[in-house]
Amino acid sequence: MTLTADIIIDRVTKRMYEADPELLEKYGERGVEKCREDNHHHLKQLSAAFTVNSEAMFVDYAHWLNGILTRHGMSTKHLTDNFLFLEDAMQDDTSERTAGYCRYLQAARTSLTSED
C-alpha cells in the first residue's frame, strides 16, 4: 500500500500533538500549520536523499534543522519524536522507497540523540 504525503502528515501531526498537548497551547493553530509544513519538507528531503542514495544527506538536513528549531524554543526530542512518528505513519507502506526513508529517519534520530 502506498500512502500519500497528506495521509502521512495527518498521522504525524496528530501524534505530535497527542504526545505533547502543550504544543497547541504554546504555538496555537499556526503551530499545527508549521508542523504540517515541516513534515512536507521532511518528506521532500527524504525523497531527495533517497534519489541520490545518500543517508548522510538526510542526516545533515536533520542537524541543520535541529539547530534552527532549538533556536526557536523546540527541543531535539521534538524532532526525533517527529522522525519516529514519520516512521510509524509509513509502516503500512512496504515499498523499497519507504524502507529507505525509514533507514534515513532512524540514522538521523541516532545521530541527533548521540549529541544530547
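Scored by the ring pair (Phe, Tyr, Trp, His ring centres under 6.0 Å) test, Y104 finds no partners at all (sequence neighbours excluded). Under the side chain to side chain contact (heavy atoms under 4.5 Å, CB included) criterion, T110 pairs with no residue, sequence neighbours left out. Considering only residues two or more places apart in sequence or on other chains, D88 meets the side-chain hydrogen bond (donor to acceptor under 3.5 Å, both in side chains) condition with R15. In this view, R103 and A99 satisfy the side chain to side chain contact (heavy atoms under 4.5 Å, CB included) rule, not counting sequence neighbours.
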Exercise for review: May I have the step-by-step check of side chain to side chain contact (heavy atoms under 4.5 Å, CB included) for R36 and D10, ending in yes or no?
Suggested key: CA-CA 8 Å; R36 293 185 60 77; D10 287 345; 2.5 Å; yes

Review point. Hey, mind stepping through D20 and K26 against side chain to side chain contact (heavy atoms under 4.5 Å, CB included) and telling me if it holds?
Key: CA-CA 10 Å; D20 190 353; K26 186 173 182 179; over 6 Å; no

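One hydrophobic cluster, built from ILVMFWY side chains closer than 4.5 Å, cannot hold both V59 and L46; they sit in different ones.
Every pair tested for ring-ring contact (aromatic ring centres under 6.0 Å, His included) that includes a residue from residues 16-41 fails, sequence neighbours excluded, so the list is empty. Applying the salt bridge (charged side-chain N to carboxylate O under 4.0 Å, His left out) test to residues at least two apart or on different chains, the pairs with a partner in residues 37-58 are R30-E37, K34-E37.
When atom types are taken as modelled, the side chain of H78 and the backbone of S75 share a donor-acceptor pair closer than 3.5 angstrom. With hydrogens and angles ignored, the 3.5 Å screen pairs no side-chain donor or acceptor of N66 with any backbone N or O of A62. One N or O on the side chain of T70 and one on the backbone of G67 form a donor-acceptor pair closer than 3.5 Å.
The shortest side-chain heavy-atom distance between E29 and L24 falls under the 4.5 Å cut-off. A 4.5 Å side-chain heavy-atom check between V32 and T13 finds at least one atom pair inside the cut-off. The shortest distance between side-chain heavy atoms of C102 and Q91 does not fall below 4.5 Å. In this structure the side chain of R11 never reaches within 4.5 angstrom of the side chain of L86, judged on heavy atoms. Considering only heavy atoms from C-beta on, V52 comes within 4.5 Å of M57 through its side chain. With a 4.5 Å cut-off on side-chain heavy atoms, M74 and N82 do not count as touching. Side-chain atoms of N39 and I8, non-hydrogen and from C-beta on, never get closer than 4.5 Å to each other.
E25 contributes atom CD, which lies 6.5 Å from atom CD of E22 (distance to the nearest 0.5 angstrom). In this structure, CG in L69 is found 8.5 Å from CH2 in W64, a value given to the nearest 0.5 Å. With rounding to the nearest 0.5 angstrom, the CD atom of E96 is 11.5 Å from the OH atom of Y101.
Nearest heavy-atom pair across M16 and L23 is O-CD1, 3.8 Å. Here the closest heavy-atom approach between residue A5 and residue L43 is recorded as CB-CD1, 3.8 Å. Shortest non-hydrogen contact noted between V12 and A89 is CG2-CB, 3.8 Å. Of all heavy-atom pairs spanning H63 and S111, the tightest one is NE2-OG, 2.6 Å.
Annotation: F83 is in aromatic contact with F58 [ring centroid separation under 6.0 Å].
At a cut-off of 3.5 Å, with distance as the only test, a side-chain donor of S95 or T98 sits close to an acceptor on the other residue.
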